[in-house]
Amino acid sequence: MIQIIRYEESTKRLVLIFKSSKLKQNNSMKRLAFLALCLPLFVACSHDSYYEESLNAQIKENVERVFGTTFSPEHDWCTTESRNITITGIPSNVESIKVLVHVAEDDGETSLLSLNEAKVNGKDNLSLVFDTPKDNLGLYVAFLSSHDFKLVKVNGNTVPYATRGMTRALSTDNLPTGTPVIGEIKDSYASLRGWVPGEKLYGMADYTSQKVVTEDYDDVFKAIFRSVIFSYLKNGREHNNLPLVKASGIYNENAYPFTTGEEPIFVTPVYKCDGATKYGNETYNSELYYYYYPSSVNADAAYIKALPKYKAIPFNECFGENEDDVIERKGSYALVYWGDGTPTMGTEGSYQFSKGYKIGFMVRANTIFESPRKQGEIYADGRLDDKINQWPNFKSSKLGENDPRGTWLTVNGKMLLTFESGTDRDFNDVIIEIEGGIEPIIHIPDIAPNVFTYCFEDTRLGDYDMNDVVIKAVRLNETEVQYSVVACGAHDELYIQGIEGKKINSNTEVHQLFGKGIQFINTVKGDEKVAPVTEVITVAKSFSFLDGATQPKVYDKNSNQTIKLATRGQDPHGIMIPWDFKYPRERVCIKDAYGKFNEWGENPITSTEWYKSPTEANVY
């Protein structure tokens, strides 16, 4: 008889055993000849069904042994969904549209990431296909132009351009009554320390009467504010956002808006996060100052240091003493023009600036009981921070000598000035909205694309370290996807199918793609790091990462098998994660790299964000 015993993983072949009892009668030789003729046909006809049944049983047994559990037969291993939305009522000044997703990070922070982008080209309506993580904090459509960045929340499949989330501009109707008068003159901290000898700070005797009623943001904009600001400038002492500030170019000499001369200039505190009593209420006890000079002057640091500095806001008039991490407009103040000379007690000012002045801002940090006290004047123009950034009580910030303490952001038409008032570098201790008679400073935050990671296990009875081939992909726009092959933890001869580029294609072996022989690539810590192989591929506008026809697959020439992304009821030989995924180290099962993976495998509706909780020692 003929019997198929098993599939041997070590030799990548089927073991066939031919058994024959003693042949009887005269036709025995005919029977043997008949069997010999039928053997190839028998194997060809029965291989698929028996092989699949036998191998599937072995794979199932291996999965349960490796993972130590049984996965749900209803699991589809999909953490992504495909969407199609139509954007309507697009204004003529909008140049491009982005679909964004707001997601939670593994450290409790959040990010705003791009899923697709389209040029408008004068259309007032357009449709976009995109893929998004199933688990997210919300989807937005961003309308981008040369002078604005407006977000609209996605609710349903149609997204109209909306005006919610906008506040009415303040006007002369909101101005305080009476004439502003200088009623306070004092030495700056810089003067007391000998940094800027004779520098004086000027203010009015009373600011309670200077506060004017303002409209609070609606809940829609507060959600947008939180999504954008703290995805870009992540909040917390552990975050260093100084490189982002410098990359923007909106600091030092570029941090000055110009006056238009057309209407008053209003400043409105909208947010603080200073640790409240833990760090000495450093914002609550501080003040916002400003200064100005004609834009025709080529002003260096020495010139600006000599200018009078005027108090615009005592923050204790705008924030609660123990308030923290609250977005709210409680009142606005109009900036006062005090003339171009040096004021004295009783000098009268005007709420109207002429056109062509540059205005700069400074926070006077005045912590009153923290020891040692962080007290001093800090500027968005880092050229004026040369002393305070080296002062021992501020030096733990690790800011360079001329590094700025503030920058600007543009969100839904609003100019927001964000300050670092303490000793870290998150740049969101206090945020001020500036509106009215100034030309806008446009700084649209750079939003990175969402990363989709493909992980493959090439061996049928594998260890499920899921790093035999690792591919990362981002959708750049409607017709371009960037693929990066980042790792190969296999010794078999492998080819990537489904991506037919000039570099990444089905004719180039994966190890050779990296310029290497058969070896582990970017899966063993301590080994040489090899640069990813990256290529941009043209796709159809209807492209989706979930389309099986365009998904990457891995062909293993040694075993003559093609590994695809797992579908319902299969084992996870191939999975796609909508995340910049930290894949497991060599020979570390994914369940040991991600402690919640088994929970998700057992029940696909639980631990759905398992991929955000790695065991750092076990991931590459």
Side-chain angles (χ1 to χ4, degrees), residues 146-148 169-172 175 179-180 182 185 188 190-191 195-203 245-246 248-267 288-313 333-344 347-364 377-387 401-410 415-419 432-443:
S146 59
H147 65 277
D148 199 7
L170 291 165
S171 68
T172 53
L175 290 174
T179 302
I182 292 290
I185 303 175
S188 69
S191 176
W195 299 343
V196 185
E199 183 182 44
K200 300 292 184 180
L201 305 180
Y202 302 86
V245 172
K246 288 193 166 184
S248 74
I250 311 298
Y251 68 101
N252 290 11
E253 59 266 38
N254 293 325
Y256 293 89
F258 292 79
T259 60
T260 65
E262 296 175 357
E263 56 186 330
I265 301 166
F266 291 93
V267 292
L288 180 71
Y289 281 76
Y290 65 100
Y291 54 96
Y292 52 84
Y293 60 91
S295 58
S296 58
V297 174
N298 185 16
D300 58 13
Y303 174 88
I304 297 172
K305 286 180 179 181
L307 292 172
K309 313 300 188 303
Y310 303 103
K311 186 192 297 186
I313 304 171
Y333 296 77
L335 298 186
V336 178
Y337 172 65
W338 298 103
D340 292 338
T342 300
T344 58
T347 296
E348 296 184 356
S350 164
Y351 293 114
Q352 186 67 47
F353 281 82
S354 298
K355 181 179 180 180
Y357 281 87
K358 284 186 175 182
I359 293 188
F361 292 92
M362 171 265 280
V363 169
R364 185 174 187 267
E377 291 84 25
I378 52 181
Y379 295 84
D381 186 341
R383 297 173 299 175
L384 311 182
D385 294 326
D386 56 334
K387 299 296 185 182
E401 184 176 348
N402 296 117
D403 283 340
R405 292 289 190 138
T407 190
W408 295 85
L409 283 176
T410 306
M415 282 178 59
L416 300 173
L417 177 61
T418 75
F419 262 100
I432 313 292
E433 182 182 351
I434 318 291
E435 58 188 317
I438 56 172
E439 295 181 6
I441 290 180
I442 307 300
H443 176 204

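By convention here, the first residue in the shown sequence is residue 1. All values reported here derive from a predicted model rather than from experimental measurement.
Interatomic distance, Ile304 CD1 to Tyr293 OH, rounded to the nearest 0.5 Å: 4.0 Å. Between the OH atom in Tyr202 and the OG1 atom in Thr347 there is a gap of 8.5 Å [rounded to 0.5 Å]. Expressed to the nearest 0.5 Å, how far CD of Glu263 lies from CD1 of Ile438 amounts to 9.5 Å. Between the CD atom in Gln352 and the CD atom in Glu262 there is a gap of 9.0 Å [rounded to 0.5 Å]. Taken to the nearest 0.5 Å, the CZ atom of Phe353 stands 14.5 Å off from the CZ atom of Phe258. Interatomic distance, Thr344 OG1 to Ile185 CD1, rounded to the nearest 0.5 Å: 6.5 Å.
Using modelled atom types, no side-chain atom of Thr260 and backbone atom of Glu439 make a donor-acceptor pair closer than 3.5 Å. Side-chain atoms of Tyr290 come within 3.5 Å of backbone atoms of Val336 as a donor-acceptor pair (strictly under, hydrogens ignored). Not one N or O on the side chain of Ser354 forms a donor-acceptor pair closer than 3.5 Å with the backbone of Gly261. For Ser295 (side chain) and Gly356 (main-chain N/O), a donor-acceptor pair under 3.5 Å exists by modelled atom type. Using modelled atom types, no side-chain atom of Ser188 and backbone atom of Leu201 make a donor-acceptor pair closer than 3.5 Å. Side chain of Tyr292 to main chain of Gly339: a donor-acceptor pair is present (N/O by atom type, distance under 3.5 Å, no hydrogens or angles). Between the side chain of Trp408 and the backbone N or O of Met415, no donor-acceptor pair lies under 3.5 Å. Judged by distance alone, the side chain of Thr407 and the main-chain N or O of Thr418 form no donor-acceptor pair under 3.5 Å. With Glu377 contributing its side chain and Met362 its backbone, the two residues share no donor-acceptor pair below 3.5 Å.
Within a 6.0 Å radius of NZ in Lys355, no more than 12 heavy atoms belonging to other residues, nucleotides or ligands are found. A 6.0 Å sphere centred on CG of Asp300 holds more than 12 heavy atoms belonging to other residues, nucleotides or ligands.
When every heavy atom of Ile441 is checked against every heavy atom of Thr410, the shortest pair comes out as O-OG1, 3.2 Å. Counting all heavy atoms, side chain and backbone alike, Val297 lies closest to Tyr303 at CG1-CZ, 3.7 Å. Nearest heavy-atom pair, Ile182 versus Pro343, reported as atom, atom and distance to 0.1 Å: CG1-CB, 4.2 Å. Annotation for Ala380 and Pro404: closest pair O-CB, 3.1 Å, computed over non-hydrogen atoms. The heavy-atom pair separating Gly349 from Thr179 by the smallest distance is O-CG2, 4.0 Å. Nearest heavy atom pair, residue Thr259 against residue Ile265, reads CG2-CD1, 3.8 Å.
Proximity of Phe266 to Leu175: side-chain heavy atoms (C-beta onward) are separated by under 4.5 Å at one or more points. By the 4.5 Å heavy-atom criterion applied to side chains, Glu348 and Pro180 are not counted as neighbours. For the pair Arg364/Lys311, no side-chain contact is recorded, criterion being any heavy-atom separation below 4.5 Å from C-beta on. For the pair Asp403 and Lys246, the minimum side-chain heavy-atom distance is below 4.5 Å.
Figure legend: Lys309 and Tyr291 shown as a cation-pi pair, the cationic atom lying under 6.0 angstrom from the six-membered ring centre and within 45 degrees of its axis.
Each of Tyr357, Tyr310, Tyr351 was evaluated against Tyr337; a single residue qualifies, Tyr357, per the side chain to side chain donor-acceptor pair (under 3.5 Å) test. Between Arg405 and the options Ile378, Leu384, Val245, a side-chain contact (heavy atoms from CB on, under 4.5 Å) holds for only Ile378.
Evaluation of the side chain to side chain donor-acceptor pair (under 3.5 Å) rule for Asp385 yields no partner, not counting sequence neighbours. The salt bridge (Lys or Arg N to Asp or Glu O under 4.0 Å) test applied to Lys305 returns Asp386, not counting sequence neighbours.
Between Phe419 and Phe361, the distance from one ring center to the other does not fall under 6.0 angstrom.
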